[in-house]
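Values in this document were obtained by computation on a predicted structure and should not be read as measured data. Both ligands and their constituent atoms are indexed starting at 1 by order of listing.
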Amino acid sequence: MSRNPLTLLGIETSCDETAAAVVRLRADGSGEILSNIVRAQLDLHAAYGGVVPEIAARAHVDLLDPAIRQAMAEAQIAFSDLDGVAATAGPGLIGGVIVGLTEAKAIALGCKKPFIAVNHLEAHALSPGLTDDVRPPYLLLLVSGGHTQLIVVNDFGSYTRLGTTLDDALGEAFDKAAKLLGLGYPGGPEVERWAARGKPVISLPRPMLGRKELHFSLAGLKTALRQEATSRAPLGEQDIADLCASFQDAVADVVRDRVKRAMDLFGEMCLSVDPASDRAPLTLVAAGGVAANARLRKALSEVATERGFRLVVPPPTLCTDNAAMIAWAGAQRLARGLTDGMGTPARARWPLDPHAPPALGAGVKA
Ligand code: KG4
Ligand code: ZN
């Protein structure tokens, strides 16, 4: 493990954020963000109610060079000052991943710097070390437009996936709910805004509640919402508000149930490794765009209090997709002598925990 400070350029293009950042891993193991540029493509995808892969890939081509230039300028360093160049190599939308990966390889080759291929999920998993100085082991709930995962971060490079979604990701479910109610994109903030004016009076299912295996399934909830909306059409403003409040409550109940079970399992795992581990509070980290939802955060903080856990929610700019987490994960790899060759492929799928039993469902992504 290197004890010298390492400064890395990170590149993220796996979904609809074009991002570049410069991050330093200091000699004492702490992190410093020298720049963190995110160019969202929301306006390009809004008309479609979701991310269109081909449009995203083309936009990355246009937006990435200026984002990198800005990241380097704000960090006030030259390419020759870098210790390495890291990029997301997957999982994600393959066209976008290829754009960022190829650019990172070209910079690394041109500047004769090490190249590091980063697993996007590992970057999310390690980001609490950068933002909140959280050290493993901890339990991570990652909920965004692309992922819904419960992961135990045992140590660097050692992850246990406890659960994933069998169909839609949580953010995707919010986006689809908003779309079917005629609200804007991205759907999460819209549903939350409307829910504030409604009451959770409409009965909706809580899929997977009480189930032993720790997966999520959200497609049935979306279908039930569609049926309720259709039966009330034409929808008045109060109907929309009540449907949003009811949907949000159902999601919060499901998350509370799944996380509670994950906490118990994580507690048992910690005890088996270290019988004294019940003396210090265990940590739950919630990351991803959906973690911004106040109703969900309330549910998480209630479960955390109930189970004696410390809840950490990194700031929104660092728990949604960004390149600072890619540079940070890259620095962690580089510090351990892990670099990658120019032949490293882009990967649409790349599970973080290769030993996780396969989750069989319609839309399992990782
Ligand atoms: O992490 P993120 O920014 O990136 C990607 O998944 O690419 O997450 C975006 C997702 C979207 O699905 C959005 O609807 C959801 O997070 N989201 C929310 C809220 N804010 C964003 N969902 C529920 N409530 C919110 N306040
Ligand atoms: Zn992500």
Using only heavy-atom distances, determine whether the side chains of Asp353 and Thr160 contain a donor-acceptor pair under 3.5 Å. no
Would Asp81 and Thr7 count as having a side-chain donor-acceptor pair, cut-off 3.5 Å? no
Just one of Arg256, Arg295, Lys199 clears the salt bridge (charged side-chain N to carboxylate O under 4.0 Å, His left out) bar with Asp249, so which one? Arg295
Taking the ring centre of each residue, are Phe247 and Phe174 less than 6.0 Å apart? yes
Is there any salt bridge (Lys or Arg N to Asp or Glu O under 4.0 Å) pair reaching into residues 306-315, and which pairs are they, with sequence neighbours excluded? Lys260-Glu306, Asp264-Arg307
Donor on one side chain, acceptor on other, Glu12 and Ser14, under 3.5 Å: yes
Nearest neighbour in protein (non-hydrogen) for atom 12 (O) of ligand 1: Asp175 OD2, 2.8 Å
Can you tell me which residue and heavy atom of the protein come closest to atom 26 (N) of ligand 1, and the distance to 0.1 Å? Glu192 OE1, 2.7 Å
Heavy-atom distances under 4.0 Å are what count here, so tell me which part of Leu296 touches ligand 1: side chain, backbone, both or neither. neither
The Zn ion (ligand 2): protein N, O or S atoms [distance under 2.8 Å]: His120 NE2, His124 NE2, His147 NE2, Asp321 OD1
Between Arg206 and Asp257, does any NZ, NE, NH1 or NH2 come within less than 4.0 Å of an OD or OE carboxylate oxygen? no
Under 4.0 Å from ligand 1, counting heavy atoms only, is it the side chain of Cys15, its backbone, both or neither? side chain
Under 4.0 Å to a heavy atom of Gly289 - the qualifying atoms of ligand 1, by number: 1 (O), 2 (P), 8 (O), 16 (O), 17 (N), 18 (C), 19 (C), 20 (N), 21 (C)
